[in-house]
Structure formats: structure tokens, C-alpha cells
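In what follows, a structure is listed as C-alpha cells, so that the remarks can point back to it.
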Amino acid sequence: RFANYCMSDTEFEGTDGGADTFPKAVGAFKKNEHIMIKGHPCKIVEMSTAKTGKHGSAKAHIVGIDIFTDKKHELVAPTGHMNPAPIVNRLDYLLMDISDDQFLSMMDNDNVQRDDIKNDPGKLGEEIAAKHANGDTLRISTIKACGQEAVVSCNVEK
């Protein structure tokens with residue numbers, strides 16, 4: 001029922017066999033949790049609840065920031081309405097190399113190498129490239145949800 005919340009009209013990606021979202025009552029969400037708004041996995045930055053009126057149930061107003069694009073999305077729904085919550089995982093890797101086309105060659109804690117994540121196009125990507133060129137050993141953190149994965153931070157290994 002909630003599977004198509006994670007895909008746009010042009011994306012047809014497979015999943016790893018598990019569910020990408022789980023249902024949760026709108027009134028049960030809290031600030032800093034993750035919620036799907038208009039098909040986008042978002043982190044809740046503001047939340048307010050209006051009291052029950054004469055025409056129905058209490059309504060929640062949720063403002064979330066897309067965890068991949070940083071765009072703001074809003075949701076107004078009854079507090080008892082079930083809304084999907086994305087399953088979000090944070091993964092850490094050791095940076096091995098950066099290819100000419102900006103793909104990161106990284107290794108996880110189980111010594112499994114991957115080369116399928118592109119470097120961040122903004123300031124974070126510039127920081128990663130500069131520190132790597134400087135010879136620093138970097139720990140790269142990614143966030144993964146709904147078939148998408150992106151670099152979110154880097155730290156110099158000591």
C-alpha cells in the first residue's frame with residue numbers, strides 16, 4: 001500500500017527485499033523523526049496540532065525537510081490518519097579513492113568495497129575531495145532510505 005511513496009513517476013528501482021516504509025499514526029510522529037511527505041523521506045522540523053473542532057478530528061500540521069534534497073514539504077492530516085514513515089539507515093565507510101567521474105570508492109567495516117555512490121556536488125563534496133587530495137584518511141557517512149543513498153558527512157580518521 002505504501003510502496004509507491006518511495007518512487008517518482010520515472011524511477012523503477014528494486015528494493016533489497018525489505019519494506020522501505022512502515023505505517024504510523026500522524027499524531028504519533030515527533031520532531032526530528034522521519035516521515036514520508038508527498039513521496040519524499042523527510043525529517044520533521046516543525047509540528048503542531050490543532051484541537052478537535054465541531055466538524056471532525058484533531059489535525060496535525062507537519063513541516064519536514066527532504067533528507068536528500070533539503071527541500072521543505074508540509075503535511076496537514078488528521079492525527080488518527082496512518083502515514084508512512086521511511087526506514088532510514090546511516091552507514092559508515094572508509095574512503096579509498098575518488099574516480100575522475102566523482103564516484104567514491106569506499107569500504108565498509110566488513111571489508112566490502114563499493115563504487116556506486118557519487119560524491120556530493122556541493123560544499124561537502126568539495127571538502128571530501130580536498131581532504132582526500134591532502135592525503136587524509138576519511139570516514140564517509142551515508143544515509144539510505146527508499147532506494148536512495150547519499151553522502152551526508154565526512155570525518156578525518158585519526
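The hydrophobic clustering, which links ILVMFWY residues whose side-chain heavy atoms are closer than 4.5 Å, places L91 and I128 together. The hydrophobic cluster containing I140 also contains I117, counting ILVMFWY residues as joined when their side-chain heavy atoms lie under 4.5 angstrom apart, directly or transitively. At a threshold of 4.5 Å between side-chain heavy atoms, the hydrophobic network of Ile, Leu, Val, Met, Phe, Trp and Tyr places L124 and V156 in one connected group.
Residues V63 and K72 form a side-chain contact, since some pair of their non-hydrogen atoms from C-beta on lies under 4.5 Å apart. The closest side-chain heavy-atom distance from N119 to F103 is not below 4.5 Å.
With hydrogens and angles disregarded, a donor-acceptor distance shorter than 3.5 Å links the side chain of N83 to the backbone of M36. Side-chain N or O atoms of D66 include none that pairs as donor or acceptor with a backbone N or O of H40 at under 3.5 Å. Listed for the N134 side chain is no donor-acceptor partner under 3.5 Å among the backbone atoms of D136.
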Before you tell me yes or no, could you show the steps for E157 and L138 under side-chain contact (heavy atoms from CB on, under 4.5 Å), namely the whole-Å CA-CA distance, both residues' side-chain angles and the distance that decides it to 0.1 Å? CA-CA 6 Å; E157 285 278 297; L138 297 177; over 6 Å; no

For the pair I87 and F22, evaluate side-chain contact (heavy atoms from CB on, under 4.5 Å) and give the outcome as yes or no after the intermediate values. CA-CA 7 Å; I87 297 171; F22 61 95; 3.9 Å; yes

Applying side-chain contact (heavy atoms from CB on, under 4.5 Å), run through I67 and Q148 and close with a yes or a no. CA-CA 10 Å; I67 61 176; Q148 298 179 64; over 6 Å; no

Evaluate the criterion side-chain contact (heavy atoms from CB on, under 4.5 Å) for residue pair V152 and R90; output intermediate values, then yes/no. CA-CA 9 Å; V152 292; R90 187 178 183 100; 3.8 Å; yes

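Contacts of N109 classified as side-chain hydrogen bond (donor to acceptor under 3.5 Å, both in side chains), with partners at least two apart in sequence or in another chain: R139. When the side chain to side chain contact (heavy atoms under 4.5 Å, CB included) test is applied to D116, the partners found at least two apart in sequence or on another chain are R114.
Of all non-hydrogen atoms in C42 and I37, the two that sit nearest each other are SG-CB, 4.2 Å. Minimum heavy-atom separation, P78 to S57: CB-OG, 3.4 Å. Considering every non-hydrogen atom in both S105 and D115, the closest pair reads OG-OD1, 2.8 Å. Of all heavy-atom pairs spanning F68 and P41, the tightest one is CE1-CG, 3.7 Å.
Separating the CD1 atom in I44 from the CD1 atom in I62 is a distance of 4.5 Å, to the nearest 0.5 Å. Taking NZ of K59 as the start and NE2 of H81 as the end, the distance is 10.5 Å to the nearest 0.5 Å. If you take CG on L95 and CE on M107, they are separated by 11.0 Å, rounding to the nearest 0.5 Å. Of the inter-residue distances, the one linking D20 atom CG with C146 atom SG reads 5.0 Å to the nearest 0.5 angstrom. I35 contributes atom CD1, which lies 12.0 Å from atom NE2 of H73 (distance to the nearest 0.5 angstrom).
The pair K131-E127 counts as a salt bridge, with a side-chain nitrogen and a carboxylate oxygen less than 4.0 angstrom apart. Taking 4.0 Å as the cut-off between side-chain N and carboxylate O, E33 and K24 count as a salt-bridged pair.
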